[in-house]
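These notes are about the structure you will find just below.
Throughout, a chain's letter reflects where its sequence line sits, starting with A, and its residues are numbered from 1. Computed from a prediction, not measured in an experiment: that's the story for all the values here.
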Protein chains: 4
Amino acid sequence: MVGGKAAASETRSGRGERAAARRTAILDAALDEFSARGFAGARLDDVALRAGVAKGTIYLHFKDKEALFQELVRTMLGPLIAGLEQLQASDLPIRTVLERFADLFVREIYGTRRRDVARLVITEGTRFPELAEFYYREVVARGIGAMRAMIKRAVARGEVRHEALSRFPQLVVAPGLVAILWAGLFDRFDHLDVAGMMRAHIDILLERRE
Amino acid sequence: MVGGKAAASETRSGRGERAAARRTAILDAALDEFSARGFAGARLDDVALRAGVAKGTIYLHFKDKEALFQELVRTMLGPLIAGLEQLQASDLPIRTVLERFADLFVREIYGTRRRDVARLVITEGTRFPELAEFYYREVVARGIGAMRAMIKRAVARGEVRHEALSRFPQLVVAPGLVAILWAGLFDRFDHLDVAGMMRAHIDILLERRE
Amino acid sequence: MVGGKAAASETRSGRGERAAARRTAILDAALDEFSARGFAGARLDDVALRAGVAKGTIYLHFKDKEALFQELVRTMLGPLIAGLEQLQASDLPIRTVLERFADLFVREIYGTRRRDVARLVITEGTRFPELAEFYYREVVARGIGAMRAMIKRAVARGEVRHEALSRFPQLVVAPGLVAILWAGLFDRFDHLDVAGMMRAHIDILLERRE
Amino acid sequence: MVGGKAAASETRSGRGERAAARRTAILDAALDEFSARGFAGARLDDVALRAGVAKGTIYLHFKDKEALFQELVRTMLGPLIAGLEQLQASDLPIRTVLERFADLFVREIYGTRRRDVARLVITEGTRFPELAEFYYREVVARGIGAMRAMIKRAVARGEVRHEALSRFPQLVVAPGLVAILWAGLFDRFDHLDVAGMMRAHIDILLERRE
DNA sequence: GATGAATGAGGGTTCATTCAT
DNA sequence: TATGAATGAACCCTCATTCAT
């Protein structure tokens with residue numbers, strides 16, 4: 001993404017710009033390597049090679065391997081957290097909310113490299129207890145809470161018939177997890193039409209029959 | 001040398017019995033360590049310590065670290081594959097099948113150490129392409145196929161209204177995945193009633209309302 | 001000192017014996033390297049090479065580079081501390097005490113590898129504050145105290161005329177320091193007859209004229 | 001380019017003056033760092049930080065880390081060498097010479113940063129053979145020679161009774177070494193009155209009793 | 001001259017694997 | 001068979017040195 005050879009043509013761009021580009025290149029490369037080999041299995045040598053920088057350069061931007069990993073996650077998933085807040089407040093019909101949610105998921109996570117970051121959170125979470133805790137507090141607990149509130153309202157309005165769904169909002173997001181894991185493990189054998197699956201899922205939750 | 005000094009202390013249990021016990025102890029210990037630290041992060045030193053054997057002993061039973069990991073998975077999940085076959089043939093009502101399936105999952109996977117093995121397959125699958133392929137072929141493809149066949153029959157019988165479900169049997173097992181991942185990541189913050197969730201899930205799929 | 005080739009002929013010697021021999025070989029090699037290059041400059045690779053072991057073997061015996069250094073010092077100078085206690089109690093004529101002291105120094109420190117260890121304490125002490133403190137408490141403070149007590153007694157008996165000497169017992173041991181430092185820095189240019197210097201020193205302190 | 005934009009801000013102080021100030025700042029900072037961590041342990045990053053210059057600037061003034069070290073020593077101890085020559089020629093009473101010598105030591109070395117430089121020569125001398133050789137030739141050999149000559153004269157005059165002292169002039173300077181080393185290692189535990197010790201030392205050498 | 005980002009060789013440490021006992 | 005000391009390749013990280021700006 002940021003090639004060494006391009007330096008000459010970048011004469012114009014300022015120092016900070018180049019530094020940011022390098023940082024991004026390192027994060028990109030790190031995502032590739034962590035995804036392919038996991039945190040412990042990834043080698044910073046390979047990250048550097050892939051990013052087109054020297055090994056030492058990584059340490060100009062990140063304190064150590066763990067910081068690189070954590071910043072990778074924060075940088076890429078952080079912005080999504082803000083987006084979550086809006087859903088909570090919305091008073092739209094539940095179908096609209098779920099469709100937007102599914103659409104957001106497919107376009108902003110499943111369809112981007114964030115999918116791999118999410119996979120990393122899932123697969124490495126156990127080894128980074130604070131990371132798991134952070135995501136529980138900032139994303140999961142809030143998301144589950146918001147979802148539960150919306151479902152309760154939808155039940156009250158008669159939009160949702162399964163009252164039990166409010167006790168297990170996890171059921172709403174379960175297909176998203178399956179999509180992310182399937183992509184990493186089995187998509188090469190059998191491609192999964194995630195958008196279609198999400199639509200079917202919503203139809204089932206809301207009892208629309210074909 | 002055979003039948004030498006050690007004979008007296010071997011009393012009843014045969015050599016093979018002791019060897020098997022050791023093998024099991026190593027697999028048990030390996031599961032603990034791999035679960036806690038991942039494949040790359042686990043140390044055979046710790047596995048040996050936990051198993052109560054010397055480090056070298058591991059190599060008498062397993063070719064190397066990777067073989068230990070693969071055999072751990074095969075040993076613990078293998079028997080389940082056989083069980084899967086039976087479901088396929090059954091001609092019971094879909095609700096009964098799903099309830100048995102959920103029950104089986106909760107008792108035989110979620111409630112046992114197999115849960116951790118399943119987690120390992122999910123979290124380390126990417127680093128073991130053949131493992132992923134093996135599980136795709138032996139478990140996932142077959143399971144998805146069987147599930148799809150059953151759903152189609154159920155749709156034909158009018159037991160299931162959502163025809164799209166047969167296109168995405170993944171939706172049926174999605175909560176199982178959530179349960180396994182939740183247990184490893186967030187259960188310490190917020191315990192999940194998995195059996196309850198599975199019941200709610202089935203009710204939603206089959207449109208029973210409370 | 002402990003050659004790898006000799007292994008075959010050591011079949012008889014027990015495991016612990018070999019381990020001790022290796023430990024000694026590593027300490028020997030470490031002393032050489034630390035003496036030649038200082039703590040920071042010494043490479044464990046070279047220590048291992050010189051000791052005839054693999055680099056990893058060092059870590060079977062010592063936690064890390066610093067522990068190796070500290071144990072080197074403790075192992076080699078520790079026994080001397082015990083010897084110090086005896087001098088304190090003695091009621092012999094001051095000349096006898098000083099002569100024995102000088103003799104002990106020349107034979108047990110200056111004439112052995114302990115000389116290099118002592119040099120290391122002096123040259124690296126600043127970088128190992130606890131080491132410096134340990135030696136201050138265990139060796140220097142006690143030694144100075146014992147020396148002062150003996151000098152006071154000697155002054156009272158008329159064996160020593162310079163009462164100020166009891167205020168600065170450091171003057172008694174100063175030539176020992178010079179000897180140790182001279183050996184490391186200048187002996188190759190100009191050999192110093194340490195035993196002779198110590199005799200002259202005592203004569204001066206006790207005012208015997210030739 | 002020469003006499004360009006910077007000219008205005010340079011007002012009175014010439015370019016050379018500023019360069020010299022920088023050089024001095026670097027040497028000062030280097031002394032601090034080398035003293036605290038030794039040659040190998042000191043980081044040029046820290047030297048630059050402490051000197052208030054960029055890391056690269058050090059290389060405008062010194063070829064490399066070793067040159068910085070060597071120049072530090074030469075710059076600070078060089079002037080003393082000249083002073084040594086005078087003593088040799090003097091024909092004053094030995095007591096006067098020794099008192100001046102002690103006074104010079106306390107004021108010009110022990111009481112200044114030269115004390116730390118001297119410590120460095122002692123502690124790092126082994127790792128810089130040419131430095132050790134240089135100091136042997138320029139300082140030690142000459143100093144010892146001058147001292148010996150003076151002592152012989154003093155013996156001839158009857159000022160000194162211990163003829164052996166001329167064989168071991170090291171005994172005259174030994175307390176100076178003790179002072180320098182004590183300052184770095186133990187002064188924080190037990191302060192040493194160096195001036196008092198030097199006076200006592202001279203009294204002992206010259207047999208004045210209290 | 002001055003800067004500080006970038007480099008990459010080097011070194012401490014870990015750990016899977018081997019093998020003599 | 002079982003052991004665990006020994007090995008050494010591999011990897012993270014540091015830091016002296018360079019060089020484009």
Distance flag, aromatic centroids of C:F62 and C:F69, threshold under 6.0 Å: no
Nearest nucleotide by nearest heavy atom, which residue falls closer to the 5' end of DNA chain E, D:A19 or A:H61? D:A19
Of all residues at least two apart in sequence or in a different chain, which pass the salt bridge (Lys or Arg N to Asp or Glu O under 4.0 Å) check with A:R23? A:E71
Atom CZ of B:F62 and atom P of E:dA16 are separated, to the nearest Å, by 15 Å
Rounded to whole Å, please give me the gap between CD1 in A:I26 and C1' in E:dA6. 11 Å
Mind checking side chain to side chain donor-acceptor pair (under 3.5 Å) for B:R50 and listing every partner two or more places apart, or none if nothing turns up? B:D32, B:E33
Could you tell me which residues satisfy salt bridge (Lys or Arg N to Asp or Glu O under 4.0 Å) with D:D116, sequence neighbours excluded, listed by chain and number? none
Nearest-Å distance, CG (C:L49) to P (F:dT7)? 12 Å
What is the distance, rounded to the nearest whole Å, between atom CG of D:D46 and atom P of E:dG4? 15 Å
Side chain to side chain contact (heavy atoms under 4.5 Å, CB included) partners for B:A25, two or more places apart: B:A51
Residues two or more places apart in sequence or in another chain: which of them pass ring-ring contact (aromatic ring centres under 6.0 Å, His included) with C:F134? none
What is the distance from CD1 of A:I58 to C1' of F:dT14, rounded to the nearest Å? 14 Å
Quick one: D:L68 CG to F:dA16 C1', roughly how many Å, whole number? 12 Å
Which residues in residues 29-38 of chain D have a heavy atom closer than 4.0 Å to any atom of DNA chain E? none
How would nucleotides 7-12 of chain E be written as a contact map, 5' to 3', with B for base contact, S for sugar-phosphate-only contact and - for no contact, using protein heavy atoms under 4.0 Å? BB-BSB
For D:R127, the side chain to side chain donor-acceptor pair (under 3.5 Å) test, sequence neighbours excluded, returns D:E124
Results of ring-ring contact (aromatic ring centres under 6.0 Å, His included) for C:Y135 - residues two or more places apart only: none
Does anything in residues 52-67 of chain B pair up under salt bridge (Lys or Arg N to Asp or Glu O under 4.0 Å), and if so which pairs, sequence neighbours excluded? B:D45-B:K55
Can you give the dot-bracket line for DNA chain E, where a pair is Watson-Crick or G-U wobble with both atom distances under 3.5 Å, crossing pairs use [ ], and | marks a partner on another strand? .||||||||||||||||||||
Can you list the residues that meet the salt bridge (Lys or Arg N to Asp or Glu O under 4.0 Å) rule with A:R119, with sequence neighbours excluded? none
Using whole Å, report how far NZ of D:K63 lies from P of F:dA16. 14 Å
Taking the side chain as every heavy atom from C-beta outward, state whether C:V121 and C:F128 have any atom pair closer than 4.5 Å. no
